[in-house]
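Here the structure is laid out as structure tokens; the discussion comes afterwards.
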Amino acid sequence: IKPLKGSELVMEQLKAKISSGEYAPGTKLASVVDLAASFQVGRSTIREALSALKAIGLVEIRQGGGTYVSAELPAETAGSDGSSLFASAQSIRELLEVRKVLETGCASLAARNRTEDDLRSIGEELALMEASLHDESKGEEADVRFHLKLAAATHNSLLIPMMESLSERLHDSMRESRKLWFYGERAEARRLLREHSDIYEAIAERDERRAFEAMRTHLQKVENVLRQAISEFDRSGA
């Protein structure tokens with residue numbers, strides 16, 4: 001039997017309180033410091049437990065504003081191993097492979113063919129992503145539009161509808177991969193913003209190779225998180 005880590009034990013207890021209604025939707029949880037004292041564990045253990053709860057949709061972590069029980073709880077919650085989360089990793093891996101093929105080419109072509117209007121439009125989404133660092137939903141929407149506008153900047157009549165046809169699945173993919181990103185690497189939204197900025201700057205400078213590599217690097221990092229999540233899930237024996 002695989003023993004649970006401290007963060008998993010904390011997560012299970014907090015999850016039970018949420019499931020039972022003791023912590024109702026919208027309730028603000030105690031601070032990391034207070035929770036650490038209550039559970040008699042380190043702050044890093046509490047942060048890992050909260051990150052795992054966030055990844056499966058049970059809590060919302062607001063930078064500088066504390067942690068709240070999600071206003072709308074998922075119909076089914078994952079076990080302490082995060083099984084639903086890692087099932088998502090499995091389901092979006094194929095879509096990510098398609099994205100790597102399409103979007104690296106899109107970035108390169110956009111650097112070659114973009115107009116000033118295209119650049120301004122892509123830049124608007126980048127600015128919205130920066131303005132939405134503390135609003136995950138709006139950040140996701142701007143992220144999707146960034147990629148779709150980048151495809152539009154290729155001015156290729158075949159690539160554009162291909163990307164548009166993937167729009168809904170693209171949105172789902174980004175939402176789930178963002179969960180895995182934060183769960184797997186404890187990264188902040190600014191890291192994702194920097195990667196999108198690198199892509200934008202390469203397109204602005206009409207540097208096709210750099211645009212290709214910046215997009216490839218961005219998607220490779222997401223894939224690495226997916227692979228790590230799947231590997232850890234498999235090793236757990238689940």
Side-chain angles (χ1 to χ4, degrees), residues 25-26 50-65 67-75 77-78 82 84-100 102-104 106-107 110 121-153 160 162-200 203 214-215 217-226 229:
L50 294 177
S51 292
L53 288 170
K54 177 181 182 295
I56 58 177
L58 290 182
V59 302
E60 299 173 359
I61 300 175
R62 305 173 189 174
Q63 292 187 359
T67 303
Y68 294 78
V69 178
S70 298
E72 294 185 11
L73 298 177
T77 59
S84 68
L85 175 66
F86 297 114
S88 295
Q90 297 272 19
S91 69
I92 65 177
R93 183 164 53 181
E94 288 187 358
L95 180 58
L96 183 59
E97 291 171 352
V98 173
R99 287 185 62 193
K100 285 176 68 178
L102 284 180
E103 294 197 67
T104 51
C106 281
S121 184
I122 296 170
E124 288 172 356
E125 300 306 332
L126 188 63
L128 283 172
M129 288 177 66
E130 183 170 16
S132 304
L133 285 174
H134 304 305
D135 189 326
E136 193 167 330
S137 178
K138 289 184 178 178
E140 289 166 5
E141 292 171 2
D143 196 340
V144 172
R145 290 194 301 269
F146 176 95
H147 287 266
L148 292 177
K149 287 185 175 182
L150 187 150
I160 296 171
M162 288 176 70
M163 283 295 293
E164 289 177 344
S165 71
L166 288 173
S167 178
E168 183 175 350
R169 294 194 66 187
L170 189 64
H171 197 292
D172 291 341
S173 165
M174 287 183 180
R175 181 175 60 250
E176 296 302 326
S177 61
R178 275 170 173 258
K179 287 181 183 179
L180 288 161
W181 183 280
F182 292 120
Y183 183 86
E185 292 201 351
R186 311 292 188 261
E188 295 184 357
R190 286 193 177 277
R191 185 178 302 182
L192 290 177
L193 179 65
R194 284 197 299 271
E195 292 183 5
H196 286 81
S197 295
D198 288 344
I199 296 167
Y200 171 81
I203 291 171
M215 180 64 79
T217 297
H218 168 57
L219 295 176
Q220 186 63 53
K221 285 187 178 181
V222 177
E223 184 176 26
N224 289 343
V225 172
L226 289 171

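- Of the inter-residue distances, the one linking Ile203 atom CD1 with Leu150 atom CG reads 4.0 Å to the nearest 0.5 angstrom.
- A distance of 11.5 Å separates NZ of Lys221 from CG of Leu219, quoted to the nearest 0.5 Å.
- A distance of 11.5 Å separates OG in Ser121 from CG in Leu126, rounded to the nearest 0.5 Å.
- Looking at heavy atoms from C-beta onward, His218 lies in side-chain contact with Leu192 at the 4.5 angstrom threshold.
- Across all their heavy atoms, Met163 and Leu102 have their closest contact at SD-CD1, 4.1 Å.
- For Met215 against Ala107, the heavy-atom pair with the smallest separation is CB-CB, 3.9 Å.
- With contacts defined as side-chain heavy-atom distances shorter than 4.5 Å, the pair Val59/Tyr68 does not qualify.
- Side-chain contact between Glu124 and Lys149 is present, with heavy atoms from C-beta onward closer than 4.5 Å.
- Remark: Ser70 engages Glu60, Leu73 in a side-chain contact (heavy atoms from CB on, under 4.5 Å) (not counting sequence neighbours).
- Smallest separation of non-hydrogen atoms from Ile122 and Ala153: CD1-CB, 4.1 Å.
- Under the 4.5 Å side-chain criterion, counting only non-hydrogen atoms from C-beta, Leu128 is not in contact with Lys138.
- Residues His196 and Asp143 are in side-chain contact: their nearest non-hydrogen atoms beyond the backbone lie under 4.5 Å apart.
- Looking at His147 and Glu125, their side chains never come closer than 4.5 Å, going by heavy atoms from C-beta outward.
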